[in-house]
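Just below is one structure, and these are the notes that go with it.
Counting starts at 1 for both ligands and their atoms, in listed order.
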Amino acid sequence: MLGGTAWLGRSVAQDAVARGHDVTCLARGNGATAAGATFVAADRDREDGLEAVSGADWDTVLDVARHPGHVRRAVRDLRARHWVFVSSGNAYASFSSLEQDEDAPVREPLAGDVMTSMEVYGEAKVACEDAVREGAATATIVRSGLIGGPGDWSGRTGYWPWRFAHPVGDRVVVPADPDFPCAVIDVRDLAPWLVSAAEERLDGTFNATGPTTTLAEVLTSAAQVAGSPATPLEVPPSLLAELGVASWMGPSSLPLWIDDPQWRGFATLGTARARAAGLRVRPLRDTLRDALAFEEVRDVPRAAGLTDEEERRVQEAVLR
Ligand SMILES: NC(=O)c1ccc[n+]([C@@H]2O[C@H](COP(=O)([O-])OP(=O)(O)OC[C@H]3O[C@@H](n4cnc5c(N)ncnc54)[C@H](OP(=O)(O)O)[C@@H]3O)[C@@H](O)[C@H]2O)c1
């Protein structure tokens, strides 16, 4: 595994070890290695960053990288029978049509080796995918939608149940966009499917996300798993923008919602191919319930949602 020490990667490593595989994780060392996996410290920014693992014959290389240069060097330097690359739904050129399958047009691949900002995340993933397809005998390319569940450091899937569990008063600020399409794939469903893809040397490109639902259903489920009597306070997107509330992620944001018509179809990717290849997903409720449990013991600041102070400020602006 190139990576394998952060959230999804460590879950994959844990699952692969549990199935009896010998797993080696290469990273710089910022995260923790799964018990039973071997850790190799190396920096992929270096031209010779993969030297420590380039002498072996690997059954599978699984890569979660974003920088095309990292992937190009990996394909060049490693001998593997199969490749699994974790890409993203962001690879698609547009989300104006719903339920796109894997043949929908993708963005122009990033020309350089380095993804300089999240603005070119999709382009970077397309370039990474291309490098893997060109260099690997067989490859599973997985375009994942939003990943959720316990361990979601971003707070995107934990925020709503957490906010309903800890309301400011008896209302919860939500975007007045109940029909916004949402989809989440639980890390505990995606990770084992990636291991199975490696075992089966599944060849092809696959969208992987949970079934499409609506923001209203997410909020109802979030309130239920939190056992909360609080009720949604719907705030028009224009007023949220005026009050400095962002959408999707980051500080002062309302997650699982994107205030941009161009992104409205993001959570509607068609997943028939992955389901035919064995992807099974649990009910969203379970993901939200366990994301809430993670939020209750979180030891790093949440990177999405409103603070109590921000929540209060928006409620006051709406209710005054
Ligand atoms: N979160 C979502 O909702 C979402 C949605 C769609 C797709 N995805 C994709 O899902 C994957 C998530 O992977 P993840 O959770 O394991 O997190 P990640 O943060 O993408 O993991 C990066 C891994 O690569 C290592 N790494 C980074 N720079 C390195 C370098 N210069 N040299 C060596 N190793 C390096 C990191 O460890 P060190 O820092 O220790 O080096 C870490 O193990 C990514 O491919 C992401 O693009 C995520």
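In this structure, Met1 and Val23 have side chains that are in contact, with non-hydrogen atoms separated by less than 4.5 Å.
Between Phe164 and Trp160, the two ring planes are tilted [angle within 30° to 60°].
Hydrophobic clustering keeps Val281 apart from Val218 (ILVMFWY residues linked when any side-chain heavy atoms are closer than 4.5 Å, directly or through intermediates).
Under a 4.0 Å N-O distance rule, the pair Arg19/Asp15 qualifies as a salt bridge. Look at Asp77 and Arg44 and you find no salt bridge, because none of the NZ, NE, NH1 or NH2 atoms lies under 4.0 Å from a carboxylate O. In summary, Asp286 and Arg188 do not engage in a salt bridge, as defined by a charged side-chain N under 4.0 Å from a carboxylate O.
Listed by chain and number, residues touching ligand 1 at under 4.0 Å (heavy atoms only) are Gly3, Gly4, Thr5, Ala6, Trp7, Leu8, Gly9, Ala27, Arg28, Gly29, Asn30, Gly31, Ala42, Asp43, Arg44, Asp45, Val64, Arg66, His70, Val86, Ser87, Ser88, Tyr121, Lys125, Ser144, Gly145, Leu146, Ile147, Arg156.
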